[in-house]
Amino acid sequence: MVTCKETRAVIIALHKKGLPGKYIATSKIAPKSTIYRIIKNFKESGSIVVKKASGSPRKSSKRQDRLLKLIQLRDQGTTSTELAQEWQQAGVSASARTVRRRLLEDGLVSRSAAKKPLFSRKNIRDRLIFCKRYRDWTAEDWGKVIFSDESPFRLFGASGKKLVLRRQGERYHQSCVMPTVKHPETIHVWGYFSAKGVGSLTILPKNTAMNKEWYQHILREQLLPTIQVQFGDEQCLFQHDGAPCHKAKVITKWLGEQNIDILGPWPGNSPDLNPIENLWSILKRRVDKQKPTNSDKLQALIMQEWAAISQDVAQKLIDSMPGQIAEILKKKGQHCKY
């Protein structure tokens, strides 16, 4: 038991007055064993100060700790066991556990690597060009943009992660597992939204890939009516990425004939620039929560939950655009959280 300095001082003062440890213990200021230990230590050292236990000597110097950090930064995917082996070659005999403690002292902990699109130099250059072009846009400016994208939805909660609270031994309890199948049925949808709310959502027929014919059909039947409803005669911009069917000559010509201006040019591999990605995440969480068991129920829930997304949610996502642009510029075109 650790006792404070004041308590030790009182015990020693009573001891100096000739009171035995058994009598001092009746005051209940500390357990009897603690009182005897404090008196014994005082007799041996002549002081009430508790000496700090020395423990095992540190196996590495500050210089060696800095070397470990440099080794780790060369390849942040290196395991603690591999780092211990490299450190040993530098003259430090330490276990993988010691390596983890040293890294933790420097704020380095093991985490799952984020999955992000692979960037080429051109991707980074295009992202910077885009962000510099629109760096001065306000949330009001972004409110005049219609963002679009395609996204897959899968049965049995495969659309996203699932966290559960469970006790020890409940890992495989029915309520704590996420069912999977070898070949989950996938439904592809195409949608768009603006600060004024979500637009129409199109579910592509099974085994149908998005091509220029399908894309033109969707734009004509879904996008045009929504532009008229949400913006009327007000000028707006349409965003779509650089997918081949989006860049087809027939699509470019048709958009020009409809006087639809395009935001861009849009940089490749940049989902963090499109706020509809956050909208897909919201939609998938809502759908997965209801645990659809077949394709028909999944489709019905997708349409139902999409229609239930409020205009406030859409507005908040659009309002985040100026900050997102600034963050990507700050990171010099590299990956950014979204």
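Panel note: side chain Q324, backbone D272; a donor-acceptor pair is recorded below 3.5 Å. The backbone N or O of I325 lies less than 3.5 Å from no partner atom in the side chain of R135, so there is not a single donor-acceptor pair. The closest donor-acceptor contact from the side chain of D288 to the backbone of R285 lies at 3.5 Å or more, if one exists at all. Formation of a donor-acceptor pair under 3.5 Å by the R102 side chain with backbone atoms of D65 is not found in this model.
Distance check, rounded to the nearest 0.5 Å: CD of Q311 to NZ of K196 gives 8.0 Å. We find the CD1-CD1 distance between I302 and I187 to be 4.5 Å, quoted to the nearest 0.5 Å. Taken to the nearest 0.5 Å, the CD atom of Q216 stands 10.5 Å off from the CD atom of E221. Distance check: S295 OG to R154 CZ gives 13.5 Å after rounding to the nearest 0.5 Å. Here CD1 of I35 is found 5.0 Å from CD1 of I11. Values are rounded to the nearest 0.5 Å. Rounding to the nearest 0.5 angstrom, the gap separating the CG atom in D126 from the CG atom in N123 is 6.5 Å.
You'll find the side chain of K16 reaches within 4.5 Å of the side chain of F42, heavy atoms only. Side-chain contact between T98 and S95 is present, with at least one heavy-atom pair separated by less than 4.5 Å. Two residues are said to be in side-chain contact when any heavy atoms from C-beta on lie closer than 4.5 Å; Q72 and T78 fail this criterion. A heavy-atom distance below 4.5 Å is found between the side chains of S194 and F231. With contacts defined as side-chain heavy-atom distances shorter than 4.5 Å, the pair P265/R133 qualifies. Between R125 and L128 there is no side-chain heavy-atom pair separated by less than 4.5 Å. With contacts defined as side-chain heavy-atom distances shorter than 4.5 Å, the pair C131/L273 qualifies. Using a 4.5 Å cut-off on side-chain heavy atoms (C-beta onward), V313 and V198 make no contact.
Hydrophobic clustering, defined by side-chain heavy atoms of Ile, Leu, Val, Met, Phe, Trp and Tyr closer than 4.5 Å, groups L103 together with L67, L68, I71, L83, W87, V92, V99, L108.
Between P152 and T186, the shortest heavy-atom contact is CB-CG2, 3.7 Å. For the residue pair E150 and M210, the shortest heavy atom distance occurs at OE1-CB, 3.7 Å. When all heavy atoms of I12 and I39 are compared, the closest pair comes out as CD1-CA, 4.2 Å. Contact detail for H15 and I24: the closest heavy-atom pair is N-CD1, 3.9 Å. Nearest heavy-atom pair across G197 and Q230 is O-NE2, 3.4 Å. Contact between S80 and R100 at its shortest, heavy atoms only, is OG-NH1, 2.9 Å.
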Worked verdict on I318 versus F147 for side-chain contact (heavy atoms from CB on, under 4.5 Å): CA-CA 9 Å; I318 296 298; F147 291 91; 3.6 Å; yes

E44 vs N41, test: side-chain contact (heavy atoms from CB on, under 4.5 Å). Steps then yes/no. CA-CA 5 Å; E44 292 175 352; N41 290 340; 4.2 Å; yes

Give the intermediate values and the outcome of side-chain contact (heavy atoms from CB on, under 4.5 Å) for residues V145 and W137. CA-CA 11 Å; V145 178; W137 271 32; 3.8 Å; yes

Would you please test L223 and I146 for side-chain contact (heavy atoms from CB on, under 4.5 Å) and show each step? CA-CA 9 Å; L223 179 63; I146 296 176; 4.2 Å; yes

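Partners of K331 according to the salt bridge (charged side-chain N to carboxylate O under 4.0 Å, His left out) rule, which considers only residues two or more places apart in sequence or in another chain, are E327. Residues passing the side chain to side chain donor-acceptor pair (under 3.5 Å) test with S151, sequence neighbours excluded: K284. The side-chain contact (heavy atoms from CB on, under 4.5 Å) test applied to L73 returns K69, Q76, not counting sequence neighbours. Judged as a ring pair (Phe, Tyr, Trp, His ring centres under 6.0 Å), and not counting sequence neighbours, F193 has no contacts. Residues that satisfy the side chain to side chain donor-acceptor pair (under 3.5 Å) test with E105, not counting sequence neighbours, are R58. Among residues two or more places apart in sequence or in another chain, the side-chain contact (heavy atoms from CB on, under 4.5 Å) test is passed with K297 by P292, T293, N294. With sequence neighbours excluded, the residues that form a side-chain contact (heavy atoms from CB on, under 4.5 Å) with V10 are L14, I29. Taking Y36 as the reference, nothing meets the ring pair (Phe, Tyr, Trp, His ring centres under 6.0 Å) condition, with sequence neighbours excluded.
Side-chain contact, N278 with S281: no donor N or O sits under 3.5 Å from an acceptor N or O.
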Identify all side-chain donor-acceptor contacts of residues 235-245 below 3.5 Å with residues at least two apart in sequence or on another chain.
| from | atom 1 | to | atom 2 | distance (Å) |
| --- | --- | --- | --- | --- |
| Q235 | NE2 | D261 | OD2 | 2.5 |
| Q239 | OE1 | S148 | N | 3.0 |
| Q239 | OE1 | N274 | ND2 | 3.3 |
| H240 | ND1 | Y215 | OH | 2.7 |
| D241 | OD1 | A243 | N | 3.1 |
| D241 | OD1 | H246 | ND1 | 2.9 |

Could you list the donor-acceptor pairs under 3.5 angstrom formed between side-chain atoms of residues 250-260 and any protein atom two or more places apart in sequence or on another chain?
| from | atom 1 | to | atom 2 | distance (Å) |
| --- | --- | --- | --- | --- |
| T252 | OG1 | A248 | O | 3.3 |

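Here K289 does not pair with E305 in a salt bridge; the nearest charged N to carboxylate O distance is not below 4.0 Å.
Using a 30° and 60° split on the angle between ring planes, Y192 and W190 fall in the tilted class, from 30° to 60°. Classified by interplanar angle (parallel below 30°, tilted 30° to 60°, perpendicular above 60°), the ring pair F119/H335 is parallel. Ring geometry for H217 against W214 counts as perpendicular: the plane angle is over 60°, on a 0 to 90° scale with 30° as the lower cut.
Follow the hydrophobic side-chain contacts under 4.5 Å out from L263 and you never reach I129; the two are in separate clusters. Linking ILVMFWY residues whenever their side-chain heavy atoms come closer than 4.5 Å, directly or via other members, leaves L204 and L301 in distinct clusters. In the hydrophobic clustering of this structure, I276 groups with F130; members are Ile, Leu, Val, Met, Phe, Trp, Tyr whose side-chain heavy atoms approach within less than 4.5 Å, directly or through other members. A single hydrophobic cluster is not seen to contain both I227 and V229; linkage of ILVMFWY side chains at heavy-atom distances under 4.5 Å, directly or through other members, places them apart. Both L329 and I124 are assigned to one and the same hydrophobic cluster, defined by single-linkage of ILVMFWY side chains at heavy-atom distances under 4.5 Å.
Counting only residues at least two apart or in different chains, ring-ring contact (aromatic ring centres under 6.0 Å, His included) contacts with residues 298-317 comprise W280-W306.
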